[in-house]
Protein chains: 2
Amino acid sequence: MRATGVRKAMAAETEAALKEAARRQFAEHGYLNTKITDITTAAGRATGSFYEHFASKEDLLQALLADMHTQADGQIDLAEHAPHDLTDPDQIREHIAVAWDVMRDNRPVVTALFESALTEGPASGALWDRLAADTRIFREHLDYLREQGHDLPGDPALISAAMGGMLSILAYALVPTAQAGPCDQVTTGQRPGSPFTDREVIDSVAKLLLYGLAGPPR
Amino acid sequence: MRATGVRKAMAAETEAALKEAARRQFAEHGYLNTKITDITTAAGRATGSFYEHFASKEDLLQALLADMHTQADGQIDLAEHAPHDLTDPDQIREHIAVAWDVMRDNRPVVTALFESALTEGPASGALWDRLAADTRIFREHLDYLREQGHDLPGDPALISAAMGGMLSILAYALVPTAQAGPCDQVTTGQRPGSPFTDREVIDSVAKLLLYGLAGPPR
DNA sequence: GTCTATATACAGATAGAC
DNA sequence: GTCTATCTGTATATAGAC
């Protein structure tokens with residue numbers, strides 16, 4: 001490795017440190033609340049260094065999103081090998097589970113994108129665009145069901161957005177808790193997390209979306 | 001009416017003008033984007049006058065919320081005269097319809113509250129608190145169902161939040177459109193509104209939440 | 001109460017030494 | 001590439017005349 005290679009490696013290290021610090025800050029204080037200096041300080045770098053790697057906070061977020069995509073595509077592709085019938089109990093649960101897991105693994109990014117979409121206001125349609133993009137897969141499956149003559153509760157575009165929106169808002173609102181370990185007597189000083197486990201959320205949402213409040217037919 | 005009465009009336013008029021201007025600005029540019037000066041300018045008043053009536057933008061929002069509550073309580077009380085069984089198709093549709101109508105009538109306030117809740121970040125739990133507060137009625141109904149031995153898809157607190165969250169996010173994301181009038185050739189220059197009518201949203205969400213994707217039992 | 005003018009505060013972004 | 005120091009823009013909030 002040449003000398004320039006070492007420099008490159010150090011620069012890459014700084015970039016990684018900034019990204020990691022940003023994820024922590026976004027998760028803890030929210031995307032809107034964290035200042036550029038919060039990120040650089042948390043990463044142990046100077047303010048000016050930030051702009052050597054990213055043009056702005058929004059630019060950094062896009063970089064984090066790209067990272068997430070390359071990582072998430074694997075999980076999704078895996079799930080997509082199964083046939084596509086969202087009215088099958090196992091399959092809808094699997095889809096919800098994958099979506100939820102991706103959201104939890106990338107909670108800082110997901111919540112940040114959520115906040116970012118609201119920055120442009122309700123009239124901009126930015127949130128709708130985001131929902132539409134994030135639920136493309138749901139929508140394709142619903143389109144397929146409709147073609148099969150299945151009687152959906154409404155337009156696939158609307159239903160898939162509603163489903164995805166429900167998941168997104170829950171992912172944002174449900175603050176993660178130390179998940180039911182043997183030693184959860186040890187409490188951090190912070191606000192108590194949501195009382196729901198990931199499994200409980202996935203099961204509940206899957207059931208609700210499959211059978212609704214009426215429950216499965218007897 | 002005394003002279004002071006006239007002054008009071010003028011002051012009240014200014015306050016009303018500020019509120020109305022704020023609603024317009026919130027709807028058009030979003031809560032976070034609108035500056036105090038945007039509101040005062042739109043209301044045709046000076047910047048300094050704002051603080052004679054409200055301590056801050058957040059304070060103004062709370063005032064708008066109070067207005068909304070006094071107005072909405074009527075609609076809700078009306079609906080609450082009916083018995084409580086969310087697994088009855090007519091009743092769940094009615095509940096969704098009332099919630100949706102209140103949101104649409106107060107869209108500027110609802111969307112502003114939504115943005116405001118995100119200001120504090122995901123870890124604050126502010127959004128969860130808001131969801132819990134806004135879906136209290138749903139939750140009570142679900143608690144009741146559970147007591148009756150009905151098999152719900154999950155914990156009432158979680159399910160009601162999921163239902164309310166779905167409605168909230170749709171209310172934010174679905175930008176209102178001139179609703180199917182005879183002369184909708186006349187397009188404003190702005191972004192095309194959502195292709196869904198209020199009725200379509202209400203019907204679709206009600207069906208989804210009652211029977212899920214599987215649809216009603218045959 | 002309302003206005004104009006201004007003070008305060010701070011985040012985003014840049015300049016230039018090393 | 002990284003640092004320190006600084007500049008700029010802008011939103012909030014206040015001061016003081018009317």
Side-chain angles (χ1 to χ4, degrees), chain A residues 1-26 28-64 112 115-116 118-121, chain B residues 1-26 28-64 112 115-116 118-121:
Chain A
M1 193 184 273
R2 299 170 309 163
T4 57
V6 175
R7 291 212 174 173
K8 261 191 176 175
M10 291 181 67
E13 202 173 314
T14 293
E15 188 167 316
L18 288 172
K19 281 182 180 176
E20 185 49 37
R23 291 175 65 104
R24 276 202 306 274
Q25 296 294 313
F26 291 170
E28 195 158 346
H29 307 296
Y31 173 74
L32 297 174
N33 276 330
T34 93
K35 316 306 169 194
I36 306 278
T37 53
D38 293 335
I39 298 171
T40 51
T41 304
R45 315 285 157 144
T47 312
S49 295
F50 181 91
Y51 296 94
E52 195 65 33
H53 298 273
F54 308 101
S56 64
K57 194 168 66 168
E58 179 64 30
D59 183 50
L60 192 171
L61 179 55
Q62 292 305 320
L64 292 178
E115 293 182 27
S116 174
L118 295 209
T119 300
E120 301 170 45
Chain B
M1 193 185 273
R2 298 170 311 162
T4 57
V6 176
R7 289 208 172 173
K8 263 192 176 173
M10 290 181 68
E13 202 173 313
T14 293
E15 189 168 314
L18 288 172
K19 282 182 178 176
E20 185 48 38
R23 292 175 65 104
R24 277 202 305 274
Q25 296 295 312
F26 290 170
E28 196 158 345
H29 308 295
Y31 173 75
L32 297 174
N33 276 331
T34 93
K35 316 306 171 195
I36 307 278
T37 51
D38 293 336
I39 298 171
T40 51
T41 304
R45 316 285 155 141
T47 311
S49 294
F50 180 91
Y51 296 93
E52 195 65 33
H53 299 273
F54 308 101
S56 64
K57 194 168 67 167
E58 178 65 30
D59 184 51
L60 191 170
L61 179 54
Q62 292 305 319
L64 292 178
E115 293 181 28
S116 175
L118 295 208
T119 300
E120 301 170 46

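Chain identifiers are assigned alphabetically (A, B, ...) following the order of the sequence lines, protein sequences preceding nucleic acid strands; residue numbering begins at 1 within each chain. Below, all heavy atoms of this structure are taken into account, side chains as well, without hydrogens, waters or symmetry copies.
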Determine yes or no for a side-chain-to-main-chain donor-acceptor pair under 3.5 angstrom, with A/Gln25 supplying the side chain and A/Ile39 the backbone.
no
Against the side chain of A/Ser56, the closest entry in C/dC3, C/dA13, D/dG1 is C/dA13
Between atom CG in A/Asp59 and atom C1' in C/dA13, what is the gap in whole Å?
14 Å
Side chain of A/Tyr51: nearest nucleotide among D/dT2, C/dG12, C/dT4?
C/dG12
Of the listed D/dC3, D/dA13, C/dG12, the closest approach to the A/Lys35 side chain comes from C/dG12
Heavy atoms under 4.0 Å, any strand shown: does A/Thr37 hit a base, just sugar-phosphate, or nothing?
nothing
Could you tell me if the side chain of B/Leu61 sits less than 4.5 Å from the side chain of B/Ser116, heavy atoms only?
yes
Let me know the distance between CD1 of A/Ile36 and P of C/dG12, rounded to the nearest Å.
5 Å
B/Phe26 and B/Asn33: CA distance, side-chain angles, deciding distance, side chain to side chain contact (heavy atoms under 4.5 Å, CB included) verdict
CA-CA 8 Å; B/Phe26 290 170; B/Asn33 276 331; over 6 Å; no
Rounded distance in Å - CD (B/Glu52) to C1' (C/dT4):
15 Å
Ignoring backbone atoms, test whether B/Ser49 places a side-chain nitrogen or oxygen under 4.0 Å from the OP1 or OP2 oxygen of C/dG1.
no
Just how far, in rounded Å, is P of D/dT12 from NZ of B/Lys57?
6 Å
Once you round it to whole Å, what is the distance between P of D/dT2 and CD of A/Glu13?
10 Å
Examine C/dT4: is either OP1 or OP2 under 4.0 Å from a nitrogen or oxygen in the side chain of B/Thr47? Give yes or no.
no
Do B/Leu118 and B/Glu115 make a side-chain contact, defined as non-hydrogen atoms from C-beta onward lying under 4.5 Å apart?
no
A/Leu18 CG to D/dC3 P: how many Å, rounded?
9 Å
For atom NE2 of B/His53 and atom P of C/dG1, their distance in whole Å:
6 Å
Over how many whole Å does the gap from A/Tyr31 atom OH to C/dA11 atom C1' extend?
13 Å
Taking C/dT4, C/dG12, D/dG1 as options, the one with an atom nearest any side-chain atom of A/Ala11 is D/dG1
Nearest of D/dT2, D/dA13, C/dC3 to any side-chain atom of B/Arg45?
C/dC3
Among B/Thr37, B/Leu60, B/Thr14, which one satisfies side chain to side chain contact (heavy atoms under 4.5 Å, CB included) with B/Phe50?
B/Leu60
